[in-house]
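No experiment lies behind these values; they were computed from the predicted model shown. Sequence positions, counted from 1, serve as the residue numbers for this chain.
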Amino acid sequence: MERGVDQAMVEVRVAVTFAEFEQARECWRAANVARGKVPGRERVERVREKLADPEAVVLVAVEGARVVGMVLAEVGRAEDGEGPVVPGLCHVSMVFVRPERWGVGVGGALLGALKERVGYARLQLWTGVANGRALALYRRAGFRASGRRREIFGVGQVVHLVCSGG
């Protein structure tokens, strides 16, 4: 585990119960609200669908009975998710930590567990160029810029990051 996380207090595991999935969604919402990005109803429903996708891997970081962080991973596809499956590639779709647990290593613990459990040769993700907190987390977890960037309407400039799997 990373700095500041008491291993006895935080357990990272695969989400399996309805309550864990709902708490993961709430974790996502709380982190977005804290960043000034209050999600609308359509976005909340889209995240609920992604969390319920049986092909997705959802890991949660749990303290006691409370989910304090979540990561969602999917099979990697060519053409930025529109093309065929790329063997050995995992796309990290979401990483969110409750704001009161930012900076203590929960995100690093989630990414470390994901790298160990998914068995993919490579992981990839996109994140906002202006999201310094996320960029620092991903660098500590071994992700590096691939050189690709793009503009997403309503989000802004995003950068593509990659790393070796577990």
Smallest separation among heavy atoms of [X] and [Y], with atom names:
{"X": "Cys90", "Y": "Val118", "value": "SG-CG2, 4.4 Å"}
{"X": "Leu137", "Y": "Gly107", "value": "CD1-C, 3.6 Å"}
{"X": "Val97", "Y": "Ala31", "value": "O-CB, 3.5 Å"}
{"X": "Arg117", "Y": "Val12", "value": "NH2-O, 2.9 Å"}
{"X": "Leu59", "Y": "Ala113", "value": "CD1-C, 3.9 Å"}
{"X": "Leu110", "Y": "Val60", "value": "CD2-C, 3.8 Å"}

| task | Show your working on side-chain contact (heavy atoms from CB on, under 4.5 Å) between Asn32 and Arg35 and close with a plain yes or no. | result | CA-CA 5 Å; Asn32 275 291; Arg35 292 175 43 228; 3.5 Å; yes
So does [Y] get a backbone contact from the side chain of [X], meaning a donor-acceptor N/O pair under 3.5 Å?
{"X": "Arg144", "Y": "Arg139", "answer": "yes"}
{"X": "Arg98", "Y": "Val67", "answer": "yes"}
{"X": "Lys115", "Y": "Ala141", "answer": "yes"}

| message | Show, in sequence, the C-alpha distance, side-chain angles and deciding distance for Arg77 and His91, and conclude whether the side-chain contact (heavy atoms from CB on, under 4.5 Å) test is met. | response | CA-CA 8 Å; Arg77 296 182 173 277; His91 179 74; over 6 Å; no
| field | Salt-bridge contact Arg48-Glu45 (side-chain N to carboxylate O under 4.0 Å) | value |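 Salt bridge: yes.
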Measuring from atom [atom1] of [X] to atom [atom2] of [Y], what distance do you get when rounded to the nearest 0.5 angstrom?
{"X": "Phe143", "Y": "Leu111", "atom1": "CZ", "atom2": "CG", "result": "5.5 Å"}
{"X": "Gln23", "Y": "Arg66", "atom1": "CD", "atom2": "CZ", "result": "8.0 Å"}
{"X": "Cys163", "Y": "Tyr120", "atom1": "SG", "atom2": "OH", "result": "13.5 Å"}
{"X": "Tyr138", "Y": "Asn131", "atom1": "OH", "atom2": "CG", "result": "7.5 Å"}
{"X": "Gln124", "Y": "Glu74", "atom1": "CD", "atom2": "CD", "result": "10.0 Å"}
{"X": "Asp80", "Y": "His160", "atom1": "CG", "atom2": "NE2", "result": "7.0 Å"}

Answer with yes or no whether the hydrophobic clustering places [X] together with [Y]; edges join I, L, V, M, F, W, Y residues whose side-chain heavy atoms lie under 4.5 Å apart.
{"X": "Leu72", "Y": "Val106", "value": "no"}
{"X": "Phe21", "Y": "Met70", "value": "yes"}
{"X": "Val57", "Y": "Val75", "value": "yes"}
{"X": "Val162", "Y": "Leu125", "value": "no"}
{"X": "Val14", "Y": "Val92", "value": "yes"}

| said: So Leu135 and Val159, do their side chains get closer than 4.5 Å, heavy atoms only? | reply: yes
| task | Tell me, yes or no, whether the heavy-atom count around Glu42 atom CD, taken from other residues, nucleotides or ligands under 6.0 Å, exceeds 12. | result |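 Atom CD in Glu42 is not crowded, with 12 or fewer foreign heavy atoms closer than 6.0 Å.
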| query | Quick check: are there more than 12 heavy atoms from other residues, nucleotides or ligands sitting under 6.0 Å from CD of Glu82? | reply | no
| said: Over 60° means perpendicular and under 30° means parallel, so tell me whether Phe96 and Trp28 are parallel, tilted or perpendicular. | reply: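 Because their plane-to-plane angle is over 60°, the rings of Phe96 and Trp28 count as perpendicular.
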| For Arg13, which residues count as a side chain to side chain donor-acceptor pair (under 3.5 Å) partner, sequence neighbours excluded? | Glu11, Glu20
